[in-house]
Amino acid sequence: CPLDNISIALALNHKLDPEPLIDGAEIDSATAVPHVLEIQYLERIEKAKDYLSENLQNPLDLNLVAKACACSPHYLSRLFAAETGMTLSLYLRKLRVNRACELLSSGRLNVSEASLEVGYQSLSHFARAFRGVIGVTPSQFTERFEGIRALYIELIVIIRLKYDKSLAALEKNAKFSNIEKITQNL
């Protein structure tokens with residue numbers, strides 16, 4: 001989306017009012033165009049990130065992402081890489097692997113189900129991508145997380161037992177103290 005002609009004309013002619021044009025920010029006539037452009041860049045980057053997050057299961061189609069951001073595919077690729085330090089495909093890969101970690105750590109899905117859920121049709125491609133991002137295979141991640149989950153459950157059980165014993169002791173003491181109060185009043 002090009003800048004509106006009024007903002008450009010005002011910036012170029014140095015006739016900007018001290019009124020804010022965007023989000024309450026004061027505009028300096030010397031830097032007005034760069035600030036407005038920077039905001040547009042960031043908005044496009046956020047739109048691209050949102051689009052990728054909402055379309056994890058779909059293959060990356062640069063034309064569709066660029067259309068959602070209202071710019072050309074080449075421009076979006078350059079802009080995204082310059083602002084994030086990674087390509088759109090690498091960003092999508094990291095999003096997918098992050099979501100797969102959430103699914104695997106929940107224990108609701110196995111590795112092959114998680115890979116399909118995040119858009120990988122090939123388990124070997126998923127495992128390669130996962131290892132590249134996380135540093136371990138999905139199976140190793142699941143095994144390690146299951147060990148942590150088992151330890152967590154064991155701790156919860158221990159805490160619950162101690163809590164229940166403490167609660168029972170408090171109730172027992174409360175009953176005896178009530179009996180003592182009743183007998184003292186007789």
Side-chain angles (χ1 to χ4, degrees), residues 1-106 108-109 111-138 140-142 145:
C1 295
L3 291 171
D4 64 1
N5 293 335
I6 297 170
S7 294
I8 293 174
L10 289 173
L12 294 177
N13 292 324
H14 302 284
K15 295 181 181 178
L16 287 173
D17 292 332
E19 287 184 35
L21 293 179
I22 299 170
D23 292 334
E26 296 275 330
I27 302 294
D28 176 16
S29 62
T31 60
V33 173
H35 285 305
V36 173
L37 290 175
E38 184 176 326
I39 290 169
Q40 284 188 339
Y41 296 156
L42 297 176
E43 286 175 351
R44 284 190 172 131
I45 298 297
E46 287 307 310
K47 283 181 184 177
K49 287 179 177 180
D50 290 344
Y51 181 89
L52 293 173
S53 294
E54 293 166 6
N55 294 282
L56 278 181
Q57 292 180 322
N58 301 329
L60 178 61
D61 185 340
L62 185 56
N63 291 323
L64 290 177
V65 182
K67 186 176 181 180
C69 299
C71 60
S72 75
H74 179 71
Y75 176 75
L76 178 62
S77 293
R78 285 188 346 200
L79 180 65
F80 195 90
E83 288 296 319
T84 64
M86 65 183 90
T87 63
L88 284 160
S89 60
L90 178 58
Y91 182 81
L92 179 61
R93 185 176 320 127
K94 288 183 176 189
L95 277 178
R96 287 176 170 170
V97 168
N98 185 44
R99 177 68 180 135
C101 286
E102 291 172 9
L103 294 170
L104 292 171
S105 63
S106 74
R108 290 180 283 141
L109 299 179
V111 173
S112 59
E113 292 169 334
S115 71
L116 289 172
E117 182 73 23
V118 297
Y120 283 93
Q121 303 306 315
S122 164
L123 191 55
S124 63
H125 288 143
F126 171 69
R128 191 177 311 121
F130 194 97
R131 185 179 181 120
V133 173
I134 302 297
V136 296
T137 66
Q140 291 170 329
F141 176 84
T142 303
F145 201 83

Fill in: Interatomic spacing from OG in Ser112 to CG in Leu123 - rounded to 0.5 Å
6.0 Å
Worksheet item: How long is the span from the CD atom in Glu43 to the CD atom in Glu46, to the nearest 0.5 Å?
Response: 9.5 Å
Worksheet entry | Nearest atoms (heavy-atom pairs only) where Arg44 meets Ala70 | NH2-O, 3.3 Å
Discussion item. By the side chain to side chain donor-acceptor pair (under 3.5 Å) test, which pairs, at least two apart or in different chains, include something from residues 68-87?
Written reply: Thr87-Ser89
Discussion item. Using 0.5 Å steps for rounding, measure from the NZ atom of Lys67 to the SG atom of Cys69.
Written reply: 12.5 Å
Worksheet item: Looking at CG of Leu76 and NZ of Lys47, how far apart are the two atoms once the value is rounded to the nearest 0.5 Å?
Response: 11.5 Å
Worksheet item: Taking only residues two or more places apart in sequence, or in another chain, which ones meet Phe130 in a ring pair (Phe, Tyr, Trp, His ring centres under 6.0 Å)?
Response: Phe126, Phe141
Item to complete: Any chance you could measure Ile45, atom CD1, to Gln40, atom CD, to the nearest 0.5 Å?
Response: 12.5 Å
Worksheet, complete the sentence: Hits for salt bridge (charged side-chain N to carboxylate O under 4.0 Å, His left out) against Glu113, two or more places apart or cross-chain, chain-then-number order -> none
Worksheet item: If you round to the nearest 0.5 Å, how far is CG of Leu52 from CG of Leu92?
Response: 5.5 Å
Worksheet item: Looking at residues at least two apart in the chain, or sitting in another chain, which of them share a ring pair (Phe, Tyr, Trp, His ring centres under 6.0 Å) with Tyr91?
Response: Phe80
Worksheet entry | Pairs involving residues 48-66, ordered by first then second residue, that meet side chain to side chain donor-acceptor pair (under 3.5 Å) (sequence neighbours left out) | Asn55-Asn58
Worksheet entry | salt bridge (charged side-chain N to carboxylate O under 4.0 Å, His left out) against Arg93, all qualifying residues, sequence neighbours excluded | none
Worksheet item: Where do Tyr120 and Arg96 come nearest, in terms of heavy atoms and distance?
Response: CE1-CD, 3.7 Å
